[in-house]
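Both counts, for ligands and for their atoms, begin at 1 and track the order of listing. Sequence positions, counted from 1, serve as the residue numbers for this chain.
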Amino acid sequence: MEITPSILTADFTRLGETLEEAVAAGIDWIHMDVMDGNWVVNRTVTFGPALIRSVRDRLGPEVTIDCHLMTTNAEETWDQYVDAGVDIVIAHTEAVDDFPALIDDLHDSGVQAGCVLNPSTPAEDVLPLLPNLDLVLVMSVIPGKGGQSFMPEVEGKVRAFRDAIDEQKSNGGRAVKLMIDGGIKDHNAAMVAEWGIDIAVVGSGLINDRGTIAENLAAINAALG
Ligand code: DX5
Ligand code: ZN
């Protein structure tokens, strides 16, 4: 299982150094959490395309960057994130009216399409999109902030996606990546890997005062075995 950092617990005045530290530790995928002050329940604002552009310019083309859009208007703003240099746009199924059209727009623009669903949203809302998606992201916290507790009740949903993706692959369909986001630490990383997760977003478990990113990543990878 691959690990990608969420930067919400980073010191934003040192973001470039923090991300370079992550890349030096072996990270090759950065997860950018965009909140617009409206869509998440706690009405938080994080950052937008300008910061993502700076991260892309600083890290160069080799690192994969996804943007997790926790916004009301992904259908109208996705192109700003493409212009900022992301590889994958991940939008919430709960916030988009015509998801198949959004997937087509993203593919036409040369980027990958991801769909994310909240802990309370059933897999059935996203399963019909699997044939055209590149990534499914299962939220294991309620979106809005870093450092929340993992919600183990998403296990059934993760396993349902794993089975559906494996079946699609065995029929020659897209190899959709399965990602999880929220509350992942060294103590539960192996569990979600066993559920079938390909990529885990780790925020406070990676960027914290307890250790360097390299030390925290090593602890997670040791737990993964
Ligand atoms: C939650 C965000 C996450 C989250 C991850 O709204 O999408 O990416 O902050 O942070 P941790 O790992 O601290 O839960
Ligand atoms: Zn996220």
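No side-chain donor from either of Asn132 and His107 sits under 3.5 Å from a side-chain acceptor of the other. For the residue pair Thr44 and Asn42, a side-chain donor N or O sits within less than 3.5 Å of a side-chain acceptor on the partner. Side-chain contact check for Thr9 and Asn208: no donor-acceptor pair (N or O, by modelled atom type) lies under 3.5 Å. Between the side chains of Glu21 and Thr212, not a single donor N or O lies within less than 3.5 Å of an accepting N or O. Side chains of His31 and Asp33: a donor on one and an acceptor on the other come within 3.5 Å.
The contact set between ligand 1 and Met139, taken as ligand atoms under 4.0 Å from a residue heavy atom, comprises 7 (O). Per-residue contacts place His68 under 4.0 angstrom from the following atoms of ligand 1 (heavy atoms of the residue considered): 7 (O). Taking every heavy atom of Gly147 and a limit of under 4.0 angstrom, the matching atoms of ligand 1 come to 11 (P), 13 (O), 14 (O). Each of the atoms 8 (O) of ligand 1 lies under 4.0 Å from some heavy atom of His31. Distances below 4.0 Å separate heavy atoms of Pro143 from the following atoms of ligand 1: 6 (O). Each of the following atoms of ligand 1 lies closer than 4.0 Å to a heavy atom of Ser6: 5 (C), 8 (O), 9 (O). Residue contact check: Leu8 has heavy atoms under 4.0 Å from atoms 9 (O) of ligand 1. Atom numbering of ligand 1 starts at 1 in the shown order; those under 4.0 Å from a heavy atom of Gly182 are 14 (O).
Protein heavy atom in closest approach to atom 12 (O) of ligand 1: Gly203 N, 2.8 Å. Nearest protein neighbour of atom 1 (C) of ligand 1, counting heavy atoms only, is Lys145 O, 3.7 Å. Counting protein heavy atoms only, atom 4 (C) of ligand 1 is closest to Asp181 OD1, 3.6 Å. Ranking protein heavy atoms by distance to atom 6 (O) of ligand 1, first place goes to Gly144 N, 2.8 Å. Ranking the protein heavy atoms by distance from atom 13 (O) of ligand 1 puts Ser204 OG, 2.6 Å first.
The number of heavy atoms from other shown groups lying within 6.0 Å of NZ (Lys157) is above 12. Annotation for Glu167: atom CD does not count as buried by contact number, only 12 or fewer foreign heavy atoms lying within 6.0 Å.
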Exercise for the section: Verify side-chain contact (heavy atoms from CB on, under 4.5 Å) between Ile7 and Phe47, making sure each step is shown before the conclusion. Expected result: CA-CA 11 Å; Ile7 62 167; Phe47 49 77; 3.7 Å; yes

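Not close to ligand 1: Lys185, with no non-hydrogen atom less than 4.0 angstrom away.
Residues Asp163 and Arg159 are not paired through a salt bridge, judged by the lack of any N-O separation under 4.0 Å between the basic side chain and the carboxylate. Ion pairing between a basic and an acidic side chain is recognised when a charged N comes within 4.0 Å of a carboxylate O; Asp198 and Arg162 show such pairing.
The shortest heavy-atom contact between Ile88 and Leu135 is CD1-CD1, 4.4 Å.
An angle of 170° is found at the Zn ion (ligand 2) between Asp181 atom OD2 and Asp33 atom OD1, rounded to 10°. Vertex the Zn ion (ligand 2); arms to His68 ND1 and His31 NE2; angle rounded to 10 degrees, 100°.
Taking only nitrogen or oxygen atoms, main chain and side chain alike, Gly183 reaches within less than 3.5 Å of ligand 1. Between Gly205 and ligand 1, no N or O atom pair is found at a separation short of 3.5 Å.
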